[in-house]
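So that the names make sense, note that chain A is the first sequence line, chain B the second, and so on, each numbered from 1.
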Amino acid sequence: MSAAPAPGAAAPADDVARSVGTKAWTPYALLSPGMLWLAIFFLIPTVMLARMSLSSGSAFAGDGTFTFSVKSLQWGNYGDAISKYVIDSPIFQKSLIYALIATVLCLAIAYPLAYTIAFKAGRWRNLLLVLVIAPFFTSFLLRTTAWSTILSDSSVVVQFMESTGMLNVLHAINTPDSWPTWTQIFPDGLTGENRVLQTPLAVILGITYNFLPFMTLPLFASLERIDIRLIEAATDLYSSAFTAFRKVTFPLSLPGVVAGTLLTFIPAAGDPVNAALLGAANDSLMGNAIDAQFKATGNYPLAASLSVMLMVVIVTMVALYVRRAGTEELV
Amino acid sequence: MTITIEERREQALAALPPHREPGFWARTNRWIRTHLVQFFAAFALLFMFLPVMIVVLFSFNVPAGRFNYNWNQFSTIAWTNVWSDDQITSAVKLSIEIALVATTVSVVLGTLIAFAIGRHNFRGRGGINLLIFMPMATPEVVMGSSLLTLFVTAQLEGSLGFGTITVAHIMFCISFVVVTVKARIAGLDSRLEQAAMDLYADERTTFMKITFPLVLPGIVAAALLAFSLSFDDFVITNFTSGQAVTFPMFVWGANTRGIPPEANVVGALMFIIALVVVLVPEVVKRVRKN
């Protein structure tokens with residue numbers, strides 16, 4: 001996987017470039033305007049954020065300016081962030097665990113969908129692809145608040161979960177009181193005894209829902225590339241349908257699984273919307289904490305150090321992926 | 001003792017279990033087993049569409065209290081009144097203006113990048129791929145807060161608004177445009193271009209008559225995606241908007257005091273318009289084929 005060039009990437013581009021006979025600087029001329037934009041409004045802001053996380057000052061106190069000095073880097077901002085959002089209340093861990101559960105759910109829901117579109121849809125394929133991205137076209141805040149209706153206490157879904165005893169089981173999944181504070185991720189259970197809205201499950205479902213297309217599309221892209229004859233060869237050689245899937249289809253779809261996981265897990269870990277709209281008032285995640293420190297408290301350095309902590313997790317995950325699979329599959 | 005082959009055959013047949021057609025349940029069971037994947041896919045689609053259906057349905061509701069969460073009474077009032085609410089009208093207008101500018105700029109910049117990546121080999125490919133991927137994977141809160149930090153450091157706090165929102169939207173739309181257009185370029189048959197050049201078309205003619213028309217559907221799809229991403233963005237806009245109120249900002253602000261059904265009408269309209277834009281060319285193509 002690491003050595004072979006990705007299909008349709010470097011090698012054919014090389015052929016075409018030579019056959020068209022372009023000049024060496026052409027690609028750079030094509031790249032530079034867009035890349036300049038990304039450098040100015042993505043890279044430089046990220047550097048400014050890191051700088052802010054080591055500055056002192058507040059937007060609402062004193063003269064509202066920030067001071068940064070290489071001689072006195074304010075590492076204490078990170079100390080504050082960790083004591084406040086990791087130890088005193090486990091918001092950092094909670095964000096990662098909610099995002100992890102949502103990513104697993106996304107994978108479980110998106111895989112059969114992507115598989116069906118890639119292999120079973122026939123002439124409905126294009127229509128199904130349109131249907132996958134169609135929900136994108138309605139306001140996502142409105143779609144998220146729609147879950148308040150679907151999961152309201154008197155709704156069919158919640159009534160069903162209650163009468164089948166599912167809610168009791170989910171409510172029983174909790175972090176015991178005897179555990180230390182920094183592990184209290186579900187202190188009151190995954191759901192309430194008779195409600196889902198404003199519980200962790202509602203937030204996790206909302207995140208799952210919001211990021212589902214980001215899992216489905218990369219999965220579909222990698223499933224679609226699989227040569228169907230490889231699967232046929234496996235079944236011709238007397239493997240059962242399940243074995244063929246386990247030994248051929250799934251391993252070949254792994255690039256899509258990993259890309260989808262990155263595109264789902266990382267943005268989900270910083271999502272402020274679902275916790276704010278579907279969660280309990282005290283159930284805030286990293287996204288909400290960053291938002292509040294910026295907007296309500298004006299403590300930009302603390303908020304910036306929280307953002308950088310998230311960024312470190314992201315860069316680590318992406319780096320691990322790139323070491324294994326290279327960068328061609330990413331875009 | 002010997003038996004004839006006919007006798008042996010009869011014995012063997014008698015030993016077989018009586019043949020009968022598989023029963024209804026057996027057949028249903030088998031059908032379910034072979035279509036299990038499709039069941040899960042249908043469930044996934046239902047999961048994706050349920051909230052959209054709720055948004056559309058509740059645009060016809062007359063909320064009993066402030067909150068439009070429970071069904072009360074059918075009415076088309078929200079649909080007929082939607083543009084009489086100044087707040088909604090100006091928010092939608094601002095969102096459309098921003099989305100138009102952001103789409104145009106990001107489609108141009110992104111398409112150029114897509115051609116460079118899809119059609120050329122150059123040093124620094126890995127870094128470029130990574131820089132395009134990162135904005136798609138970074139949480140919006142991080143991008144929003146870092147842009148706000150940039151604007152604050154550049155002392156632009158006072159002029160946050162249309163300009164800063166648009167700049168931010170262009171930034172995150174570029175990556176999605178690149179991915180969409182690049183996929184289309186990768187799927188092109190390069191022999192078509194070679195054929196054109198064999199027939200004495202120069203590079204420019206080949207590009208204008210063959211390459212560009214073939215890539216165009218990808219560019220249109222990218223524009224549609226960029227428009228809806230920009231129109232719908234809340235988190236980054238929330239950091240870069242200052243006092244400006246886009247449609248998602250309006251919905252967010254209205255949430256605590258109850259979202260009016262008119263907002264659902266706008267959501268439903270967006271959905272219908274997008275579906276029409278996507279589906280009409282497809283239908284036209286099929287009709288022409290027949």
Side-chain angles (χ1 to χ4, degrees), chain A residues 8 10 13-14 16-17 19-20 26-27 30-31 33-34 37-38 41-42 44-46 48-49 52 109 112-113 115-116 120 130-131 134-143 145-150 152 212 262-263 266-267 269-270 272 287 290-291 294 303-304 307 310-311 314 327 330-331, chain B residues 37-38 40-41 44-45 47-48 50-52 54-55 69 109-110 112-113 115-116 118-122 126 128-133 135-139 141-142 145-147 149-150 153 167 170-171 174 178-179 186 190 194 203 228 232 234-235 248 251-252 259 264 267 270-271 274-275 278:
Chain A
D14 195 21
V16 175
S19 72
V20 181
T26 315
L30 292 172
L31 286 169
W37 198 284
L38 287 184
F41 297 112
F42 181 77
I44 292 180
T46 311
M48 302 301 293
L49 191 73
M52 179 63 86
I109 297 170
L113 182 59
Y115 186 91
T116 303
K120 310 259 178 182
V130 170
L131 287 181
F136 256 136
F137 297 129
T138 327
S139 161
F140 103 97
L141 289 178
L142 288 175
R143 280 184 287 129
T145 54
W147 283 100
S148 302
T149 303
I150 300 168
S152 71
L212 198 55
L262 285 180
L263 283 175
I266 305 172
I290 295 170
D291 196 55
F294 258 104
S307 295
L310 257 187
M311 207 65 195
I314 299 159
T327 59
L330 285 178
V331 291
Chain B
V37 183
Q38 283 98 320
F40 282 112
L45 278 180
F47 182 69
M48 292 176 100
L50 200 56
V52 181
I54 299 278
V55 169
Y69 292 150
L109 298 181
L112 293 178
I113 296 176
F115 269 104
R119 282 288 141 116
H120 297 274
N121 221 359
F122 50 87
I128 300 279
N129 281 337
L130 213 54
L131 184 52
I132 290 161
F133 176 73
M136 289 192 292
T138 308
V141 169
V142 174
S145 56
S146 53
L147 277 165
T149 310
L150 177 81
T153 315
V167 157
I170 293 170
M171 184 269 291
I174 287 178
V178 174
V179 173
S190 61
Q194 284 160 12
E203 267 175 46
S228 56
D232 204 20
F234 165 68
V235 179
V251 173
W252 182 260
I259 299 170
N264 290 48
M270 281 160 64
F271 185 68
L275 271 194
V278 174

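The parts of B:L131 that come within reach of chain A are both its backbone and its side chain, each placing non-hydrogen atoms under 4.5 angstrom from that chain. Both the backbone and the side chain of A:A134 come within less than 4.5 Å of a heavy atom in chain B. For a residue to count as touching a neighbouring chain, one of its non-hydrogen atoms must lie under 4.5 Å from one of that chain's; by this rule A:F140 touches chain B with backbone and side chain alike. Contact annotation for B:V235: only side-chain heavy atoms (C-beta onward) come within less than 4.5 Å of a heavy atom of chain A.
Between A:G34 and B:I174, the closest heavy-atom pair is O-CD1, 4.1 Å. In plain terms, the two heavy atoms of B:V167 and A:W37 that are nearest each other are O-NE1, 3.4 Å. Residues B:L109 and A:P33 come closest through the heavy atom pair CD2-CB, 3.5 Å. Nearest heavy atom pair, residue B:H120 against residue A:P27, reads CB-CB, 3.7 Å. Considering every non-hydrogen atom in both A:L38 and B:M171, the closest pair reads CD2-O, 3.5 Å. Of all non-hydrogen atoms in B:G267 and A:T138, the two that sit nearest each other are O-CG2, 3.3 Å.
Not counting sequence neighbours, the partners of B:A274 by the side chain to side chain contact (heavy atoms under 4.5 Å, CB included) test are A:F137. In this structure, A:F42 has no ring pair (Phe, Tyr, Trp, His ring centres under 6.0 Å) partners at least two apart in sequence or on a different chain.
In this structure, B:F122 and A:T26 have side chains that are not in contact, with every pair of non-hydrogen atoms separated by 4.5 Å or more. Looking at B:R119 and A:L30, their side chains never come closer than 4.5 Å, going by heavy atoms from C-beta outward. You'll find the side chain of B:M270 stays beyond 4.5 Å of the side chain of A:L142, heavy atoms only.
The candidate from B:S228, B:P248, B:A116, B:S146 with the greatest count of non-hydrogen atom pairs under 4.5 Å with chain A is B:S146. Residue with the most contacts toward chain B among A:A269, A:P45, A:A146: A:P45 (heavy-atom pairs, distance under 4.5 Å). Ranked by heavy-atom pairs under 4.5 Å with chain A, the list B:I128, B:T153, B:N264 is led by B:I128. The most heavy-atom pairs under 4.5 Å with chain B, out of A:A304, A:S152, A:P135, come from A:P135. Annotation: maximal heavy-atom pairing with chain B below 4.5 Å, among A:I109, A:L31, A:T145, A:D291, occurs at A:L31. With respect to chain A, the highest number of heavy-atom pairs below 4.5 Å among B:T149, B:V278, B:I259 belongs to B:T149. Comparing B:F115, B:F234, B:F47 by heavy-atom pairs within less than 4.5 Å of chain A, the highest count is held by B:F47. Among the candidates A:L131, A:L310, A:L262, the residue making the largest number of heavy-atom pairs closer than 4.5 Å to chain B is A:L131. Taking chain A as the reference chain and counting heavy-atom pairs below 4.5 Å, the highest number among B:A44, B:P51, B:A41 is found for B:P51. The candidate with the highest count of non-hydrogen atom pairs below 4.5 Å against chain B, out of A:T116, A:I290, A:I314, A:T46, is A:T116. Contact count versus chain B (heavy atoms, under 4.5 Å) is highest, among A:G270, A:G287, A:S139, for A:S139.
Atoms CE and OG, from A:M52 and B:S145 in turn, are 10.0 Å apart once rounded to the nearest 0.5 Å.
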